[in-house]
Amino acid sequence: MKNSSNSNNSAQIPTIPLDCQEYPVEEVQRRALEYYENMRRRRTVRDFSERLVPLDIIENCLRTADTAPNGANQHPWHFVVVSDPEIKRQIREAAEKEEQDFYKSRATREWLEALAPLGTDEHKPFLETAPYLIAIFAKVHGIDEQGKRVKHYYVNESVGIATGLLISAIHHSGLASLTHTPSPMRFLNKILRRPEQERPFLLLVVGYPEKNAKVPDIQRKSLPEISTYF
Ligand code: IYR
């Protein structure tokens, strides 16, 4: 063995030097604060402008999403970017049908009470107004060249992290997004012609906010509420 102090097997696999910027600690502090100061302005937006967004912005945000740490580097995700008005219309129609069911009968009273401060209902006009819908699919398993199932690991964690990075990249770019979860959302497989092993994870609505967009007056939690230190 080349490097006997190395207890893992990294000596046996091809490696490259880490491409890492090292900053003085004050700079690291400044960058952490600056990132937070920007991210604290991210809000889930429901009033979108029809203003068009160049596709390369979405593509670069998707490239960021694809940098997410993920189980066994299998990238168990697929993103379908929809700007076609007819497909958006079909998605809205199907989503509103599920949502009607949800708000009228499927949701428990407890759930509706939890949602009340957000003012949501079964009407989803933003699914047609916003320039892009990104349907995020989780690839529950893979399929190899022989058509055999390939097991995927930590699918939910991986796709969740990738989605978080995507939302962050969209906000950082200066656009707004809305995480929409019509449930069930298997209709997305049919409309977007995705295979059965891809499970719809989330529908992300992306665009510029409407000029006078309003958002619910909600608060974020304080550090003591969300963290503990030893
Ligand atoms: N999917 C429904 C309900 C909904 C559920 C949760 I949890 C939210 O945070 C927001 C909405 C809808 O989109 O209206």
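Both ligands and their constituent atoms are indexed starting at 1 by order of listing. Note that these values count all heavy atoms, side chains included, but never hydrogens, waters or copies made by symmetry.
One N or O on the side chain of Asn189 and one on the backbone of Pro195 form a donor-acceptor pair closer than 3.5 Å. For Glu122 (side chain) and Phe102 (main-chain N/O), no donor-acceptor pair under 3.5 Å exists by modelled atom type. Formation of a donor-acceptor pair under 3.5 Å by the Gln74 side chain with backbone atoms of Tyr153 is found in this model.
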Less than 3.5 Å apart, N/O on ligand 1 and N/O on the protein: could you list those pairs with the distances?
unit_1, atom_1, unit_2, atom_2, d
ligand 1, 1 (N), Glu99, OE1, 3.2
ligand 1, 1 (N), Thr181, O, 3.2
ligand 1, 13 (O), Glu99, OE1, 3.1
ligand 1, 13 (O), Lys124, NZ, 3.3
ligand 1, 13 (O), His180, ND1, 3.2
ligand 1, 14 (O), Glu99, OE1, 2.9
ligand 1, 14 (O), Tyr103, OH, 2.5
ligand 1, 14 (O), Lys124, NZ, 2.5

Please walk me through it: do Ile87 and Leu192 pass side-chain contact (heavy atoms from CB on, under 4.5 Å)?
CA-CA 8 Å; Ile87 306 210; Leu192 303 175; 3.7 Å; yes

Given the rule in the salt bridge (Lys or Arg N to Asp or Glu O under 4.0 Å) test, do Arg89 and Glu86 qualify, once you have shown the distances and angles that lead to the verdict?
CA-CA 5 Å; Arg89 192 196 60 73; Glu86 171 53 21; 3.0 Å; yes

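Heavy atoms only, all atoms of each residue included: Ala65 and Phe79 are closest at CB-CZ, 3.8 Å.
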